[in-house]
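In what follows, a single structure is set out as structure tokens and then discussed.
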2 protein chains.
Amino acid sequence: MHKTAAGAQNGVIRIEEGRPAPSPPPGLTLAEGLRQQLEAAIAAGHLEPGSRLDEQEIALRYGVSRTPVREAFRLLAASQLVELRGRQGAVVRSIGPHVLLEMFQVMAELEGLCARLAARRVPPTWGATIEPIHQRLVALVDGGDADAFYDVNQEFHEAIYEAARNGFLADQTRRLRNQVAAYRRRVTRMPNRMSDTIREHEAILRAILAHDPEAAHRAMRDHVALLGDNLLDFLAAFE
Amino acid sequence: MHKTAAGAQNGVIRIEEGRPAPSPPPGLTLAEGLRQQLEAAIAAGHLEPGSRLDEQEIALRYGVSRTPVREAFRLLAASQLVELRGRQGAVVRSIGPHVLLEMFQVMAELEGLCARLAARRVPPTWGATIEPIHQRLVALVDGGDADAFYDVNQEFHEAIYEAARNGFLADQTRRLRNQVAAYRRRVTRMPNRMSDTIREHEAILRAILAHDPEAAHRAMRDHVALLGDNLLDFLAAFE
DNA sequence: AAACTCATTATTGTATACATCATGCTGCCC
DNA sequence: GGGCAGCATGATGTATACAATAATGAGTTT
């Protein structure tokens with residue numbers, strides 16, 4: 001807001017676009033700031049998969065030139081969140097049921113590995129960390145607030161990544177999780193999904209706290225696989 | 001070589017730099033072409049991990065402007081091959097022993113999943129595909145040509161990715177493999193690494209051809225884990 | 001009327017100019 | 001003599017101008 005009418009490095013007066021705040025660089029670069037905003041917009045579903053991203057439009061909307069926008073696109077392509085078709089623009093990546101199935105298969109394995117490592121490595125005090133999160137999740141089942149449930153669920157899994165003490169694995173798993181986020185959100189709203197999730201989480205917790213790596217692996221693997229199945233059911237209902 | 005003095009879209013005569021060919025766009029974009037060349041240079045070890053990438057220098061070397069160079073950097077950052085430190089340039093990613101260990105742990109799991117899926121899904125005819133590759137690898141053990149061995153070894157694993165019939169998993173595994181490529185190459189030259197590899201490959205093949213998913217998983221997992229151990233030994237010898 | 005061709009237009013790719021920030025050095029002060 | 005302030009230099013980030021290609025529509029032809 002403070003650099004609104006100012007941004008005149010040349011004589012041209014910049015037309016102030018709508019509301020979305022010209023993205024003041026809070027210390028980091030414009031391209032990086034854009035990347036974060038666009039990533040959030042994609043994960044939240046404000047930008048639908050398959051929709052085309054117009055460089056000029058976004059540049060105008062955020063009050064920057066095309067250059068940082070283009071760089072942000074490349075950055076997003078790195079996370080596989082957008083697809084760059086040479087000379088034909090960028091589109092929000094749209095994942096078909098087939099690829100989604102493949103992704104969940106991989107994610108199940110990675111999250112399973114997290115759980116296995118966690119079971120081997122958690123200190124006795126870890127229960128004090130995870131229990132409050134789990135309880136908050138339980139409390140949200142009846143409320144029916146799917147978005148809140150989704151967020152706390154994320155915290156639960158994040159806590160397991162931490163416990164696995166493998167930063168690279170955590171990054172990979174998080175990245176994958178982010179890629180399917182736009183689709184997952186919808187599943188949370190399915191009939192018994194929330195209560196099922198709680199039950200599955202409890203099995204995972206039991207195994208980890210009992211230091212049983214194989215059981216933890218299996219429980220987590222099944223949990224994610226079930227979620228994938230639900231998602232595919234959901235998608236099938238639409239076609 | 002063929003379009004040397006030509007590249008004049010404006011009136012400026014371009015100074016022809018050294019030898020490295022001005023990168024003729026073979027249909028795709030300059031940035032993409034650069035990405036491929038730089039990726040190859042990194043994987044082959046011509047660009048050492050930790051070395052700084054100077055935008056201007058590379059732009060001059062390839063006879064293009066800084067813009068496509070910057071885009072190529074962003075693209076490479078997507079594959080985690082270079083690190084972008086805002087305002088402080090790009091450097092070839094240098095992976096410490098600790099992270100390398102973490103990466104091999106994940107890679108072992110992913111390659112293990114490939115083997116497991118392959119064991120479940122290979123058609124009876126698959127032996128005719130993999131055997132020739134394996135035999136070529138065996139033939140290379142005594143020759144001592146580590147680079148050739150490395151390449152054929154890659155073919156072997158690639159054939160298993162194919163057999164697993166999960167494109168996303170194949171992409172992920174390949175990407176990870178690429179990230180550690182610059183380090184792996186060195187390990188191939190260790191004393192008994194080649195013959196050990198052959199033995200381990202045979203165990204993997206037996207399990208896959210016998211349609212034993214769990215055995216295939218375990219064999220591949222161990223194979224990759226052993227490689228990781230060897231790599232760490234190698235690095236330790238340097239410090 | 002349908003399909004093809006060509007011209008127009010809009011969007012992306014590349015080059016260059018400018019602004020901004022990080023780094024290294026010089027010189028002053030303690 | 002050592003350390004810090006301030007400036008000079010060089011690199012990165014951003015903006016804009018230009019070039020090239022893909023999408024679009026009008027016009028004509030069969």
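In what follows, every chain begins at residue 1, and chains take the letters A, B, ... in the order their sequences are listed.
- Between B:Gln88 atom CD and D:dG10 atom P there is a gap of 19 Å when expressed in whole angstrom units.
- A donor-acceptor pair shorter than 3.5 Å cannot be found between the side chains of A:Tyr150 and A:Arg186.
- Each end of the helix from C:dA1-D:dT30 to C:dC30-D:dG1 gets its own axis, taken as the rotation carrying the C1' atoms of four end pairs onto the next four within a five-pair window, and the two axes meet at 20° to the nearest 10 degrees.
- Counting only N and O atoms by type, the side chains of A:Gln179 and A:Arg93 include a donor and acceptor under 3.5 Å apart.
- The separation between A:Arg85 atom CZ and C:dG13 atom P is 13 Å, rounded to whole Å.
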Scan nucleotides 7-11 of chain C against the protein and return all N/O pairs shorter than 3.5 Å with their distances rounded to 0.1 Å.
| residue | atom | partner | partner atom | Å |
| --- | --- | --- | --- | --- |
| C:dT11 | O3' | A:Arg52 | NH2 | 3.4 |

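- Taking the side-chain hydrogen bond (donor to acceptor under 3.5 Å, both in side chains) definition, one finds that B:Asp147 meets it with B:Arg185, sequence neighbours left out.
- Residues satisfying the side chain to side chain contact (heavy atoms under 4.5 Å, CB included) test with B:Ser94, not counting sequence neighbours, are B:Pro49, B:Tyr183.
- In this structure, the side-chain hydrogen bond (donor to acceptor under 3.5 Å, both in side chains) partners of A:Glu55, at least two apart in sequence or on a different chain, are A:Arg66, A:Arg70.
- If you take CZ of B:Arg66 and P of D:dT16, they are 17 Å apart, rounded to a whole angstrom.
- Atom CD of B:Glu71 and atom C1' of C:dT14 are 9 Å apart (whole Å).
- In this structure, CD of B:Glu32 is placed 17 Å from P of C:dT12, rounded to the nearest angstrom.
- Qualifying side chain to side chain contact (heavy atoms under 4.5 Å, CB included) partners for A:Glu39, counting only residues two or more places apart in sequence or in other chains: A:Arg35, A:Leu76, A:Leu81, A:Asn178.
- Annotation: side-chain hydrogen bond (donor to acceptor under 3.5 Å, both in side chains) contacts of B:Thr197 (sequence neighbours excluded): B:Arg193.
- Listed candidates were C:dC21, C:dA15, C:dG13. Nearest to the side chain of B:Arg87 is C:dC21.
- Listed pair A:Arg70 / C:dG13 meets the phosphate criterion, a side-chain N or O lying under 4.0 Å from OP1 or OP2.
- Distance, B:Leu60 CG to C:dA15 C1': 13 Å, rounded to whole Å.
- Scanning for side chain to side chain contact (heavy atoms under 4.5 Å, CB included) contacts around B:Ala148 gives B:Leu140, B:Asp145, with sequence neighbours left out.
- Among residues two or more places apart in sequence or in another chain, the side chain to side chain contact (heavy atoms under 4.5 Å, CB included) test is passed with A:His98 by A:Glu102.
- Rounding to whole angstrom units, CZ of residue A:Arg74 and C1' of D:dG13 are separated by 16 Å.
- The phosphate of C:dT16 has neither OP1 nor OP2 within less than 4.0 Å of any side-chain N or O from B:Thr67.
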